[in-house]
Amino acid sequence: MLLQNKVVVVTGGSRGIGRAIALASAREGADVAINYWGDNDKSYGKASAVESIVAEIEALGRRAIAVEGNVAERDTGIELIARTVDAFGHVDVLSSNAGICPFHAFLDMPASVYETTVAVNLNGAFYVTQAAANQMKAQGTGGAIVATSSISALVGGGMQTHYTPTKAGVHSLMQSCAIALGPYGIRCNSVMPGTIATDLNADDLSDTDKRAYMEKRIPLGRLGAPDDVAQCVVFLASDRARYVTGASLLVDGGLFVNLQ
Ligand code: RM4
C-alpha cells in the first residue's frame with residue numbers, strides 16, 4: 001500500500017479528477033479529507049456526490065470527512081486543515097486539485113468570469129498549499145503536496161485565456177514551494193492532465209466534432225480518465241517519489257508532443 005495510514009487532503013474531491021484521487025488514495029491505505037463546493041451534482045444516484053464518495057471510501061475500510069468551502073477564500077484552507085487534524089490527528093499529503101474552467105471567448109469575457117477563475121484556480125491553490133504546509137512544518141515529519149496543474153500550463157486554448165494562465169501559475173507555485181519547503185522535508189510537485197473526460201469539460205466535449213478532434217490528436221487514441229491522473233498523484237505523494245520535488249508530470253496520452 002503506497003499510502004498506508006497516511007492522511008490525504010483533496011480539494012475538489014467529490015467529483016472528477018479529485019474524486020478519483022480521493023478513491024485511489026483510500027485504496028492505497030489513506031484516510032481522506034475531502035473539500036467540496038456546492039453539492040448539487042446528482043449524477044451519483046440518490047446520494048449526492050459528497051455522500052457517495054464518503055461512503056465509497058468508508059466501504060474500503062478507511063475514514064473520510066467532507067468539508068465544504070470555496071478554496072478561493074483564504075480561510076477555507078485553514079478550516080479544512082484544522083478539521084482534518086481534528087478528525088485524523090495530522091496531515092501527510094495535500095492534493096491541491098480544485099479548479100474550474102468556464103470556457104469563454106476572450107474579447108467579450110466579463111471580468112467576473114476571469115476573476116472567479118483566477119480566484120479559485122490560482123489563489124485557491126496558494127491558500128490551501130500555505131495552510132497545509134504550515135501544518136506539515138509544525139508536525140516536523142515532512143509531507144507531500146501535489147497540485148493539479150494542466151497541459152494548459154504549457155499550451156494555449158482560444159476559449160481558455162483566463163484558465164491557462166492559472167494552470168501555468170499553479171505549475172510555477174509548486175516549483176517555488178519546492179524550494180521554500182524543501183528544508184522541512186515537504187515535497188511539491190504538479191501533475192499536468194491533458195484532456196480528461198470529466199464534468200469540467202462535459203459541455204465542451206459534447207460537441208462531437210471537438211471530441212473527435214481531441215481524440216485524433218492523442219497518440220494513445222483516447223481521452224484520459226480521472227483515474228489515469230489519480231494514479232500519478234498517488235505516485236508523487238508516495239515514498240516512491242521521495243527524491244522528486246519541483247517536478248511536473250504530463251498525464252496526457254502524448255497530446256502535448258503530438259505536432260505531426
Ligand atoms: C485542460 C485541457 C482540456 C480541457 C480541460 C477543461 O487543461 O485544456 O483540453 O478539456 O482543461
Side-chain angles (χ1 to χ4, degrees), residues 10-21 36-38 41 43 49 71-72 95-106 109-110 112-126 128 146-175 189-233 236 247-260:
V10 185
T11 64
S14 66
R15 296 184 295 177
I17 290 172
R19 182 185 184 93
I21 293 167
Y36 69 98
W37 179 237
D41 181 334
S43 59
V71 294
S95 165
S96 176
N97 169 78
I100 60 173
C101 183
F103 288 83
H104 201 293
F106 174 61
M109 184 181 300
S112 60
V113 173
Y114 171 74
E115 290 168 356
T116 301
T117 303
V118 171
V120 171
N121 294 4
L122 183 56
N123 300 358
F126 183 94
V128 171
V146 185
T148 303
S149 175
S150 169
I151 188 173
S152 297
L154 309 174
V155 289
M159 299 289 280
Q160 298 175 300
T161 53
H162 51 324
Y163 168 82
T164 61
T166 68
K167 290 304 182 177
V170 168
H171 166 57
S172 180
L173 173 66
M174 288 298 104
Q175 290 178 316
N189 296 289
S190 65
V191 287
M192 295 182 159
T195 302
I196 312 297
T198 69
D199 53 7
L200 196 68
N201 54 20
D203 288 345
D204 181 56
L205 294 174
S206 65
D207 175 337
T208 52
D209 290 339
K210 171 70 178 285
R211 187 182 187 102
Y213 165 75
M214 294 308 298
E215 287 171 344
K216 191 170 187 304
R217 282 207 53 194
I218 299 169
L220 290 185
R222 66 173 176 86
L223 299 181
D227 192 55
D228 294 329
V229 181
Q231 294 304 317
C232 296
V233 172
L236 288 170
S248 52
L249 180 57
L250 270 167
V251 190
D252 69 346
L255 176 60
F256 173 70
V257 296
N258 184 18
L259 174 60
Q260 58 190 324

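Position 1 is the first residue of the sequence, and the numbers go up from there. Side chains are part of it too, since the values below use all heavy atoms of this structure and drop only hydrogens, waters and symmetry mates. These numbers come from a predicted model, not from an experiment. One-based numbering, in listed order, for ligands and for the atoms of each.
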Result of checking T195, V191, I151 against D252 for side-chain contact (heavy atoms from CB on, under 4.5 Å): I151

Residues R222 and D228 bridged, charged N to O under 4.0 Å: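 Salt bridge present between R222 and D228.
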
N97 vs I17, side-chain contact (heavy atoms from CB on, under 4.5 Å): CA-CA, chis, key distance, verdict: CA-CA 8 Å; N97 169 78; I17 290 172; 3.5 Å; yes

Numbered atoms and elements of ligand 1 in range of S150, under 4.0 angstrom, heavy atoms: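 Numbered from 1, ligand 1 contributes 1 (C), 7 (O).
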
Distance filter under 4.0 Å to S152 heavy atoms, resulting ligand 1 atoms: 1 (C), 2 (C), 7 (O), 8 (O)

Structural part of K167 in contact with ligand 1, heavy atom criterion under 4.0 angstrom: neither

Of the listed options T148, T166, T195, closest to atom 3 (C) of ligand 1 (non-hydrogen atoms):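 The nearest heavy atom belongs to T195.
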
Any side-chain heavy-atom pair of F126 and L173 under 4.5 Å: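 Heavy-atom side-chain distance check passes, below 4.5 Å.
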
Y163-ligand 1 polar pair, N/O distance under 3.5 Å: yes

Nearest non-hydrogen protein atom, atom 10 (O) of ligand 1: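 It is N201 ND2, 2.9 Å.
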
CA sep, side-chain torsions, deciding dist, call: M192, L249, side-chain contact (heavy atoms from CB on, under 4.5 Å): CA-CA 6 Å; M192 295 182 159; L249 180 57; over 6 Å; no

